[in-house]
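Below is one structure, written out as structure tokens; comments come after it.
It should be emphasised that the depicted structure is a prediction, and the values quoted were computed from it without experimental measurement. Proteins get letters first, then strands, A, B, ... in listed order; numbering begins at 1 in each.
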Amino acid sequence: SQKIEQNSEALNIQEGKTATLTCNYTNYSPAYLQWYRQDPGRGPVFLLLIRENEKEKRKERLKVTFDTTLKQSLFHITASQPADSATYLCALDQAGTALIFGKGTTLSVSS
Amino acid sequence: DAGITQSPRHKVTETGTPVTLRCHQTENHRYMYWYRQDPGHGLRLIHYSYGVKDTDKGEVSDGYSVSRSKTEDFLLTLESATSSQTSVYFCAISEGGGTSHNSPLHFGNGTRLTVT
């Protein structure tokens, strides 16, 4: 069966460290993978999109990698800040029709 | 924020009653989506629309219907609400007017529905 798994439900790190979140998938062959941030009581907000032929994408302190052989994406936040505390969702396309989301990882950055 | 508004923001209803949730966009995007979000399940696609009067089912469409008579409005109807439909419902639109897989989604802030 098809599955998207985000490595853990919760991740706690100290301010200034790099947070690394993992998204693994099985029985999908996505052409694109996206990452979203969700704050409590709000809808998800798009962060980054990476294509299957791109190994890495960066935006400010964010970096995403996409390994189609391992069927895995890594999402990094460098120099993390308490304001980065949120739930992060990975999503990938299914048959080119709609996005399928992982359950998310809740990141807490302590000062 | 992308121009996307969901109404109502909160609703409490009784089992067996019909409920309609509204999503309104001002971006003129072709694609619109309804997701529900539940603890332990994450976001799951209910229905989506790829144009006026063009809709298709998602992963959890049973018990739901949708309509899109205008580009800007996408309605989600629970024909006869059940307690299992208690959830937070999110509407989303595709930026750039393309299909979602290569375009980011813009989400509304959700409707919290409680069925008692």
(request) Examine whether an atom of Leu47(A) lies under 4.5 Å from a heavy atom of chain B, and if so say whether it belongs to the side chain, the backbone or both; otherwise answer neither. (result) neither
(message) Does any backbone or side-chain atom of Glu9(A) lie under 4.5 Å from a heavy atom of chain B? Answer side chain, backbone, both or neither.
(response) neither
(request) Name the member of Gln6(B), Arg44(B), Gln37(B), Arg9(B) that forms the most heavy-atom pairs with chain A at distances under 4.5 Å. (result) Gln37(B)
(message) To the closest 0.5 Å, what do you measure between SG (Cys90(A)) and OH (Tyr36(A))?
(response) 11.5 Å
(message) Quick check for you: to the nearest 0.5 Å, what is the distance between Arg112(B) atom CZ and Lys11(B) atom NZ?
(response) 15.5 Å
(request) State plainly whether the residues Asp73(B) and Arg22(B) are in salt-bridge range, i.e. N to O under 4.0 Å. (result) yes
(message) What part of Leu45(B) gets within 4.5 angstrom of chain A, counting heavy atoms only: side chain, backbone, both, or neither?
(response) side chain
(request) Output all residues satisfying salt bridge (Lys or Arg N to Asp or Glu O under 4.0 Å) with Arg61(A), sequence neighbours left out; order by chain, then residue number. (result) Asp84(A)
